[in-house]
Q: 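Pasting in a structure now, in structure tokens, and then I'll have a few things to ask.
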Amino acid sequence: MRIINSFFLAIISTLLCSCNSSVPYSSEIQYSYDNVSNLRINYSQLFGIDRKEYYVYFYSVQCYHCNKLKNSIICFALKNPYFLYFVEYDKSIPLSDNVEKTIGISSLEGFAILGVPTLIKIEDKILILNIAGFTEVAKIIEPNLFS
């Protein structure tokens, strides 16, 4: 009987803690990028996804703000019907302080991000959103995270 009680307590605790809205941007590690390994893509695949619309999240495991967003962005990817792919930043991904010029492109030519974390949205193979920073990314995912 003790084993069954312990088992149910563990399940209830897990359910209460996962995607917990009371601490939406906790830096406490609950998720790993391994939880979304099936959603990882390479930078070269950015415009090659066979979907009408999707988000791509650029992150670095060394980035403080990326780690602060990690639980929320992974929860967003797992919980919501939106397609969200993950790209781990490397030096082959161009950086620019003028990412507004990337809106409307449909290939890697001319693509750049401001830094990490970055969230982009591609619709009909055209880039329609390119935002960077903890606050900006949170504004996009937060309304959909706890609905």
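Below, all heavy atoms of this structure are taken into account, side chains as well, without hydrogens, waters or symmetry copies. Quick note: residue numbers are just sequence positions, from 1.
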Q: Is it the case that R40 places NZ or CZ above or below the six-membered ring of F86, under 6.0 angstrom from the centre and within 45 degrees of the axis?
A: no
Q: Within the side chain of Q45, is there an N or O that forms a donor-acceptor pair under 3.5 Å with the backbone of N42?
A: yes
Q: Determine whether the aromatic ring centres of Y54 and Y85 lie less than 6.0 Å apart.
A: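 They qualify: ring centres under 6.0 Å apart.
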Q: Using 0.5 Å steps for rounding, measure from the OH atom of Y57 to the SG atom of C66.
A: 4.0 Å
Q: Please find the pair of heavy atoms, one from N67 and one from V61, that lie closest to each other, and give the distance.
A: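 Between these two residues, the closest heavy atoms are ND2-O, 3.0 Å.
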Q: Passes side chain to side chain contact (heavy atoms under 4.5 Å, CB included), Y89 versus L95? Steps please.
A: CA-CA 10 Å; Y89 176 77; L95 297 175; 3.5 Å; yes
Q: Please find the pair of heavy atoms, one from L108 and one from S44, that lie closest to each other, and give the distance.
A: CD1-CA, 3.8 Å
Q: If every non-hydrogen atom of S60 is compared with every non-hydrogen atom of V116, which pair is closest and at what distance?
A: CB-CG2, 4.0 Å
Q: For the residue pair S92 and D90, confirm or rule out a side-chain donor-acceptor distance under 3.5 Å.
A: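 On atom types as modelled, these side chains qualify, holding a pair under 3.5 Å.
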Q: Can a cation-pi geometry be assigned to K70 and Y31, taking NZ or CZ under 6.0 Å from the six-membered ring centre and within 45° of the ring axis?
A: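 Relative to the ring axis of Y31, which defines the angle, K70 lies outside at least one limit.
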Q: Just to verify, which of I122, I120, L114 counts as forming a side chain to side chain contact (heavy atoms under 4.5 Å, CB included) with N130?
A: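 So, applying the side chain to side chain contact (heavy atoms under 4.5 Å, CB included) to N130 and each of I122, I120, L114, only I120 qualifies.
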Q: Are any non-hydrogen side-chain atoms of V36 and I73 less than 4.5 angstrom apart?
A: no
Q: Check the angle between the aromatic planes of F134 and H65 and answer parallel, tilted or perpendicular using the 30° and 60° thresholds.
A: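 Ring orientation, 0 to 90° scale: tilted.
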Q: I need the I93 CD1 to E88 CD distance, nearest 0.5 Å.
A: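 Result: 9.0 Å between the selected atoms.
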Q: When hydrophobic residues are tied together by side-chain contacts of less than 4.5 Å, even through go-betweens, does V99 share a cluster with I140?
A: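 No: no chain of side-chain contacts under 4.5 Å links V99 to I140.
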Q: Measuring from I74:CD1 to Y59:OH, what's the distance to the nearest 0.5 Å?
A: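 Taking CD1 in I74 and OH in Y59, the distance rounds to 8.0 Å.
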Q: Could you grab the distance from atom CD1 of I131 to atom CD of E100, nearest 0.5 Å is fine?
A: 12.0 Å
Q: Please round to the nearest 0.5 Å and tell me the distance separating atom CZ of F111 and atom CG of L46.
A: 5.0 Å
Q: Provide the closest heavy-atom pair for P117 versus V137 in the form atom of the first, atom of the second, distance.
A: O-CG2, 4.2 Å
Q: Can you tell whether the side chains of K52 and E123 come within less than 4.0 Å, N to carboxylate O?
A: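 No salt bridge links K52 with E123.
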Q: If you look at every heavy atom in A132 and T118, which pair is closest and at what distance?
A: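 Closest approach of A132 to T118, heavy atoms only: CB-OG1, 3.4 Å.
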Q: Compare every heavy atom of A77 with every heavy atom of L84, then report the nearest pair and how far apart it is.
A: CD2-CB, 3.6 Å
Q: Examine the side chains of S107 and E109 and answer whether a donor and an acceptor come within less than 3.5 Å of each other.
A: no
Q: How far does SG of C75 sit from CG of N35, to the nearest 0.5 angstrom?
A: 10.5 Å
